[in-house]
Amino acid sequence: MPESGATERADRSFFNRDPVVVARRLLGQRLVRRYRGIRTSGIIVETEAYLGVADRAAHTYGGRHTRRNRSMWNIGGHAYVYFVYGMHCCMNVVAGRAEQPVAVLLRALQPEQRMDTMHRRRSAARRDVDLCSGPGKLCQAMAIDRRLDGVDMVSDNRLFVELLRRRQLPTRTIAVGPRVGVDYAGEWAQEPLRFAIAGNAHVSRPRPEAGNS
DNA sequence: CCCGTGATTTAT
DNA sequence: TAAATCACGGGG
């Protein structure tokens, strides 16, 4: 593998904190997926925070505890993968402390390793920037589906995060905006809970504006 | 802009 | 049991 081996894997303490902090700190880190002997990876360039019981846009709004959102009630570091619109999967990383059903949706990656495999899995993608520029796209490119719902990313070898930087990116390089596709959530739809690396070509549309803290 | 697509949720 | 919903993506 072309890895240096010195890369540090995100541990429990990385995830056991405020979801907004996790969402910002995930930017610039690496998501790794191992499947059938192939290691695909990408740099996380776009995230959204979901704040749990009080957040009308969250699947756990109002304390809902259903079969689908079961893993969102798990402790930080677990994956929450769900199926939506009859054909797509979306992947979240559970954050917060125990019994806080909060999570971070991974919305886009800058593909890094095995882009050939990603193109094979996503024939509709004509260009590299179409591979992982959306929550459903990245799941398809990385072979992430409901079989990975509930896995512990701190200990599982199939899906995990590698830390490429110890610090969060400089605040001015993080673009902030309202979350995508949650118009049903009333005032919560306007909250600035979407984060992206400013100027990165792999961020999904519409792009949040840079310059917001 | 519209529409597929089907599991999940929510209303009867 | 039935109806509505949906943290999306692709094509026109």
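Chain naming here is simple, since letters A, B, ... match the order of the sequence lines and numbering starts at 1 in each.
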### Task
First locate atom OG1 of A:Thr60, then atom OH of A:Tyr50, and finally report the distance between them rounded to the nearest 0.5 Å.
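It is 11.0 Å, given to the nearest 0.5 Å.
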### Query
For the atom pair CG (A:Leu131) and OG1 (A:Thr40), what is the distance rounded to the nearest 0.5 Å?
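Interatomic distance, A:Leu131 CG to A:Thr40 OG1, rounded to 0.5 Å: 11.0 Å.
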Nearest to side-chain heavy atoms of [X], which nucleotide of [options]:
| X | options | value |
| --- | --- | --- |
| A:Arg64 | B:dT10, C:dG9, C:dA7 | B:dT10 |
| A:Met87 | C:dG10, B:dT9, B:dG4 | B:dG4 |
| A:Arg146 | B:dG4, B:dT8, B:dT9 | B:dT8 |

### Nucleotide B:dT9, atom P - distance to CZ of A:Arg67 in whole Å
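Going from CZ in A:Arg67 over to P in B:dT9 covers 8 Å.
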### Query
Between C:dA7 atom P and A:Met72 atom CE, what is the distance in whole Å?
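Taking atom P of C:dA7 as the reference, CE of A:Met72 is at 11 Å.
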### Message
Walk me through whether A:Glu191 and A:Arg179 qualify under salt bridge (charged side-chain N to carboxylate O under 4.0 Å, His left out).
### Response
CA-CA 7 Å; A:Glu191 289 295 309; A:Arg179 294 172 292 184; over 6 Å; no
### Query
What orientation do A:Trp73 and A:His65 show, parallel under 30°, tilted 30 to 60°, or perpendicular over 60°?
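It falls in the parallel class, under 30°.
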### Query
NA contact type, A:Arg56, heavy-atom cut-off 4.0 Å: base, sugar-phosphate, or nothing?
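No contact.
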### Query
Contact class for A:Ala124 (heavy atom, under 4.0 Å): base, sugar-phosphate, or nothing?
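Since only primed, P, OP1 and OP2 atoms lie under 4.0 Å of A:Ala124, the category is sugar-phosphate.
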Taking only the [atom1] atom of each, what is the distance from [N] to [M] in whole angstrom?
| N | M | atom1 | result |
| --- | --- | --- | --- |
| C:dC6 | B:dT12 | P | 16 Å |
| C:dA7 | B:dA11 | P | 16 Å |
| B:dT8 | C:dG10 | C1' | 24 Å |

### Query
Does any donor atom in the side chain of A:Ser133 or A:Arg127 lie under 3.5 Å from an acceptor atom in the other side chain?
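Their side chains do not contain a donor-acceptor pair, so the 3.5 Å distance test is not met.
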### Task
Report yes or no: do A:Asp149 and A:His78 form a side-chain donor-acceptor pair below 3.5 Å?
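Not at all, the side chains of A:Asp149 and A:His78 share no donor-acceptor pair under 3.5 Å.
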### Message
Identify the stems formed by DNA chain C, where each pair is Watson-Crick or G-U wobble with both distances under 3.5 angstrom and a stem is at least 3 consecutive pairs.
### Response
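Ordered by first number, the stems with DNA chain C (at least 3 consecutive pairs each) read B:1-4 with C:8-11, B:6-11 with C:1-6.
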### Message
Could you see if A:Ile44 belongs to whatever hydrophobic cluster contains A:Met142? Use Ile, Leu, Val, Met, Phe, Trp, Tyr and a side-chain cutoff under 4.5 Å.
### Response
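Yes, same cluster.
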Identify all pairs in which a protein N or O lies below 3.5 Å from an N or O of nucleotides 4-6 of chain C, and state each distance.
none

